[in-house]
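Below: one structure, written as structure tokens.
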Amino acid sequence: PHDLGEAEDLLKKHMDLKDEIMAGRERYKKLEALAMKILEKNPNATDVLDKLKQLKAEQDQMEEMWDKKHKELTDAKDLQSL
């Protein structure tokens, strides 16, 4: 960002993205519950478990990337405040 206003705007947009990520986390929990029901009925449905693990790993990675970007934006805002 070139100035404090731009830094604050970028940080706000990034926080809005966090809301979307959190909504995705809620959808994941519902999907996980459904997957567990499927696995109870069919323990051999390993593809369901594999996809669930993959989705969880991708979600974790996305949250880590968000955290990293949040720190960068916060640092940039702090620099503009000086």
Side-chain angles (χ1 to χ4, degrees):
H2 294 87
D3 58 37
L4 183 58
E6 186 179 346
E8 289 173 343
D9 186 48
L10 288 172
L11 198 52
K12 182 191 176 308
K13 288 177 182 177
H14 192 65
M15 292 302 294
D16 291 343
L17 183 59
K18 181 67 171 190
D19 293 339
E20 291 180 40
I21 292 171
M22 296 307 289
R25 182 184 289 175
E26 292 303 315
R27 287 190 296 267
Y28 172 80
K29 288 178 183 177
K30 291 177 184 178
L31 183 62
E32 182 179 37
L34 178 60
M36 292 302 126
K37 286 181 183 179
I38 291 170
L39 288 168
E40 284 176 13
K41 291 181 181 183
N42 183 3
N44 295 325
T46 57
D47 57 327
V48 172
L49 187 57
D50 291 343
K51 290 294 181 184
L52 189 63
K53 287 178 182 178
Q54 179 184 358
L55 184 59
K56 175 67 173 144
E58 290 173 0
Q59 185 177 10
D60 290 345
Q61 181 182 17
M62 181 175 50
E63 289 180 17
E64 287 174 22
M65 290 170 35
W66 186 92
D67 288 339
K68 180 180 176 187
K69 184 68 173 185
H70 181 74
K71 182 178 178 347
E72 291 173 6
L73 290 172
T74 301
D75 289 347
K77 180 183 170 238
D78 291 345
L79 283 174
Q80 291 297 331
S81 297
L82 297 176

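All residue numbers refer to positions in the sequence shown, counting from 1. Quick note: numbers below take in every heavy atom, side chains included, and nothing from hydrogens, waters or symmetry partners.
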Discussion item. Considering only residues two or more places apart or on different chains, which pairs with a residue in residues 45-59 satisfy salt bridge (Lys or Arg N to Asp or Glu O under 4.0 Å)?
Written reply: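 Qualifying pairs, neighbours excluded: Lys56-Asp60.
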
Worksheet item: Between Trp66 and Met15, is there a donor-acceptor pair closer than 3.5 Å when you use the side chain of the first and the backbone of the second?
Response: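 No, Trp66 side chain to Met15 backbone: no donor-acceptor pair under 3.5 Å.
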
Worksheet item: Does the Glu8 side chain pair with the main chain of Lys77, one donor and one acceptor, at a distance under 3.5 Å?
Response: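 Judged by distance alone, no pair lies under 3.5 Å.
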
With rounding to the nearest 0.5 Å, note down the distance linking [atom1] in [X] to [atom2] in [Y].
{"X": "Leu73", "Y": "Asp78", "atom1": "CG", "atom2": "CG", "result": "11.0 Å"}
{"X": "Leu39", "Y": "Glu32", "atom1": "CG", "atom2": "CD", "result": "10.5 Å"}
{"X": "Leu4", "Y": "Leu11", "atom1": "CG", "atom2": "CG", "result": "10.5 Å"}
{"X": "Asp9", "Y": "His14", "atom1": "CG", "atom2": "NE2", "result": "13.5 Å"}

Practice prompt. Report whether Met36 and Leu34 are members of the same hydrophobic cluster (ILVMFWY, side-chain heavy atoms less than 4.5 Å apart, transitive linking).
Written response: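 In one cluster with Met36: Leu34, no.
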
Practice prompt. Using the rule that two of Ile, Leu, Val, Met, Phe, Trp, Tyr join whenever any of their side-chain heavy atoms come within less than 4.5 Å, decide whether Leu55 and Met62 are in one cluster.
Written response: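 Different clusters.
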
Practice prompt. List for me each residue that meets side-chain hydrogen bond (donor to acceptor under 3.5 Å, both in side chains) alongside Lys71, sequence neighbours excluded, and say none if there are none.
Written response: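 side-chain hydrogen bond (donor to acceptor under 3.5 Å, both in side chains) list for Lys71, sorted by chain: Asp75.
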
Could you tabulate the donor-acceptor pairs under 3.5 Å formed by side-chain atoms of residues 19-30, not counting sequence neighbours?
unit_1 : atom_1 : unit_2 : atom_2 : d
Arg25  : NE     : Glu63  : OE2    : 3.3
Arg25  : NH2    : Glu63  : OE1    : 2.6
Arg25  : NH2    : Glu63  : OE2    : 3.0

Is the shortest side-chain heavy-atom distance between [X] and [Y] below 4.5 Å?
{"X": "Val48", "Y": "Leu52", "result": "no"}
{"X": "Lys18", "Y": "Asp67", "result": "yes"}
{"X": "Glu72", "Y": "Lys68", "result": "yes"}

Worksheet item: Could you go step by step and tell me if Met65 and Gln61 meet the side chain to side chain contact (heavy atoms under 4.5 Å, CB included) rule?
Response: CA-CA 6 Å; Met65 290 170 35; Gln61 181 182 17; 4.0 Å; yes

